[in-house]
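Both counts, for ligands and for their atoms, begin at 1 and track the order of listing.
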Amino acid sequence: MKRGHAIFLGLLLTVSSVGVWAVYTVSQIRVRDLLVEKESGKLDLTAENLAAFYKPLAKNIEFLSSHSKVQQALIDSSVLPELAEELKLIANAAQDYDQIRLLDLSGRERLRINRPGNNESIVEDAALLQDKSNRDYFQFAMKLSPDEIYLSPLDLNQENGQIERPFKQVIRCAKRVFSPSGEPIGIVVTNYRDNDFLPDASARTTEPHTMLLSNDGSFLQGPDFYPKFASLVESPSPNRFGDFFPQAWQAIEGSSENGETRTARGVFLWRDITPKVDAAVDGEAMYLVALIPNETLNEGWGQQWLVGLVIPLAGVWLLIGIVAYEVVRRDEQRRLAEQQQLVASELAQQADELRRSNRELEQFAFVASHDLQEPLRKISTFGELLKTEHGREISGDAEQYLDIITDSSNRMRALIEDLLEYSCIDSQGKALSAVDSQAAFEDSLGNIAHRIDETAAEILATTSLPTVWGDSQQMTQLFQNLILNSMKYCKKKPRIRVTAVLEEGFWHFQVADNGIGIKPEYSELVFQVFKRLHTRSEYSGTGIGLAICKRIVERSGGKIWVECGEEEGSVFHFTIPCVA
Ligand code: ADP
């Protein structure tokens, strides 16, 4: 891979990683914001419901405090029974009423209507009426101006100074009652019960959850694992919001505004829901608080991490891998092609040089053999002359020496002639063409007819021989050399069979004889120049005949080899291309 490619890929990786990371982070922050927005909306809705709940309570208490019978009853107790009947009807009509009571200025109950559950209201027995002067709602109410209404936060019901068990959650409203002449004469108090402002709060645990807090941080409503009404009942610590979430409580406590704070635990949202009905209200602070824990805020981070970062990164890496692989592969291919070209041109150069040196060698052999023949001929001619003209004067050893000289020069001439023939195969041969091998075979028999007669050899082609791609003269020479050998290396009447079959674009010839055979270990040696397996006294020859055969076959693109005959003798095989 080139340096430029590497830098480009590195930049691509870095830019894409940073880009993916940025997009992912921004989208993750947006998801969190949306979650906070959604919870905030839910909180607003709950706060609105709560405010809507308080509104009719204020209207009711206003009606009761200005009701003439209520005023009369606080002045004249004989009106009480009649008022009681009317209040019973009022209590029955509205679902959430728990109690309606009249207190005189000393805090003593003058009348109480109880509504147990949703059953018929009943008038409390006069003997069971209580003194409520020490209750905070009485004390608050006594301080109200004529138009003001007291609305309590969510509270627990108490009877005879004791918190009623099981807890009964109530909300109280109180207003002072004045005589027609404007004298304060008492207080009317209404209790409303079972106010489940956060109906699903107890079920919500790890999810974002909502809680209702009093002004001192006591849990009024919320999930079950928070102890409720800590300021009223003895509950073991931690029991208030501030104990659980000190950081968040610091931000919420005393705040009269809505807010949001992020802590190590998660995001807290709150609404100040101090009961207010127009301006004429005196209520104690209550807070509606929602917690969105970090687990929820970070939910999906893992999956999104995978989707948002790992998968795109893996994709980028894969892309880089593919590009790098492709670049490396192309580099490699180019390098290989260059190498191949180099090798091919080196080979072509070597072949050229080989051809040139072969040509030179052939020329040298040709010239040398040709020039050597002349002095040899003279030696042999003059040897013969010496013998015929001075034969009588020469005797004994001298005559024998003369014979050896003549014989050796003849033999040398034969060797040179063969060498000359061998060296001329390529240079003097004709261009390859279609050759009738049957004709070449017959020509060869004609050339050596006297030898065939001498040996009484039986030679035949068992199939008609085909047309092949070669040199006609050399084909004749090829048959001739092989048949002469078959007759020479045979101790009985020679029997020679020639066949040819077509095999994959080549004609496969066989020349089989019944001669002395060739051992397999010499099957390659016999095709080398001047290699012979016998002495001249056993069989005459120069050892070049088969080398010439090999060169002829190879010139036309074929091969030659020898095998032992099935029963006796040798089988010479050679292949010559068929005519295309
Ligand atoms: P040579 O002039 O000796 O015949 P060749 O090259 O023709 O030379 O043969 C090489 C050697 O191969 C021979 O010396 C001989 O030993 C052996 N040879 C060749 N043809 C035959 C054959 N048909 N049968 C047995 N031996 C053979």
The answer for which part of Lys488 has a heavy atom under 4.0 Å from ligand 1 is side chain
Taking the side chain as every heavy atom from C-beta outward, state whether Leu269 and Leu291 have any pair of such atoms under 4.5 Å apart.
-> no
Please report which non-hydrogen protein atom sits nearest to atom 8 (O) of ligand 1, along with the residue it belongs to and the distance in Å to one decimal place.
-> Gly543 CA, 3.1 Å
Any idea which protein heavy atom is nearest atom 6 (O) of ligand 1, and the distance to it?
-> Leu546 N, 2.9 Å
Any N or O of Gly545 that comes nearer than 3.5 Å to an N or O of ligand 1?
-> yes
Starting from atom 10 (C) of ligand 1, locate the nearest protein heavy atom and write down its residue, its atom name and how far away it is, to 0.1 Å.
-> Lys531 O, 3.5 Å
What do we get for Phe572 next to ligand 1 when only non-hydrogen atoms under 4.0 Å count, side chain, backbone, both or neither?
-> side chain
In terms of residue, atom name and distance, what is the protein heavy atom nearest to atom 23 (N) of ligand 1?
-> Asp513 OD2, 3.0 Å
For atom 12 (O) of ligand 1, grab the closest protein heavy atom and report residue, atom and distance to one decimal in Å.
-> Val526 CG1, 3.5 Å
Output the list of atoms in ligand 1 that are nearer than 4.0 Å to some heavy atom of Ile544, sorted by atom number.
-> 6 (O), 8 (O)
Within the structure, does His534 bring an N/O atom to less than 3.5 angstrom of an N/O atom in ligand 1?
-> yes
Salt bridge present between Arg335 and Glu338 (N-O < 4.0 angstrom) | no
For Ile516, the ligand 1 atoms with a heavy-atom partner under 4.0 Å come out as 25 (C)
Is the closest side-chain heavy-atom distance between Lys387 and Asp403 below 4.5 Å?
-> yes
Only residue of Trp249, Tyr226, Phe245 satisfying ring-ring contact (aromatic ring centres under 6.0 Å, His included) with Phe219 is Tyr226
Taking only Lys NZ, Arg NE, NH1 and NH2, and the carboxylate oxygens of Asp or Glu, determine whether Lys42 and Glu39 approach each other closer than 4.0 Å.
-> yes
Report, in ascending order of atom number, the atoms of ligand 1 lying under 4.0 Å from any heavy atom of Ser486.
-> 23 (N)
Look at Asp243 together with Arg240 and state whether they make a salt bridge at an N to O cut-off of under 4.0 Å.
-> no
Per-atom contacts of ligand 1 with Ile518, taking only distances under 4.0 Å to non-hydrogen atoms | 18 (N), 25 (C), 26 (N), 27 (C)
Just jot down the ligand 1 atoms closer than 4.0 angstrom to any heavy atom of Ser570, in number order.
-> 24 (N), 25 (C)
Could you tell me whether some N/O pair between Gly541 and ligand 1 is separated by less than 3.5 angstrom?
-> no
Using a strict 4.0 Å threshold on nitrogen-to-oxygen distance, state whether Glu399 and Arg392 make a salt bridge.
-> no
Do we get Arg551 above Tyr422's six-membered ring, with its NZ or CZ under 6.0 Å from the centre and within 45° of the axis?
-> yes
Should Asn485 be counted as touching ligand 1, given the test is an N or O pair under 3.5 Å?
-> yes
What do the steps show when you test Phe241 against Ile252 for side chain to side chain contact (heavy atoms under 4.5 Å, CB included), and what is the final call?
-> CA-CA 10 Å; Phe241 182 83; Ile252 297 170; 3.7 Å; yes
Got Phe572 and Ile518 here, is their nearest side-chain heavy-atom distance under 4.5 Å?
-> yes
So, Glu538 and Thr535: side-chain donor and acceptor under 3.5 Å apart, yes or no?
-> yes
With a 4.0 Å heavy-atom cut-off (strictly under), which part of Asn481 contacts ligand 1: side chain, backbone, both or neither?
-> neither
Going by the order shown, which atoms of ligand 1 are within less than 4.0 Å of some heavy atom of Leu533?
-> 14 (O), 16 (O)
Glu295 and Arg265 ion-paired at < 4.0 Å | yes
Got the closest protein heavy atom to atom 3 (O) of ligand 1, with its distance?
-> Arg532 NE, 2.5 Å
Would you mind checking which non-hydrogen protein atom is closest to atom 27 (C) of ligand 1, with the distance to 0.1 Å?
-> Tyr489 CD1, 3.4 Å
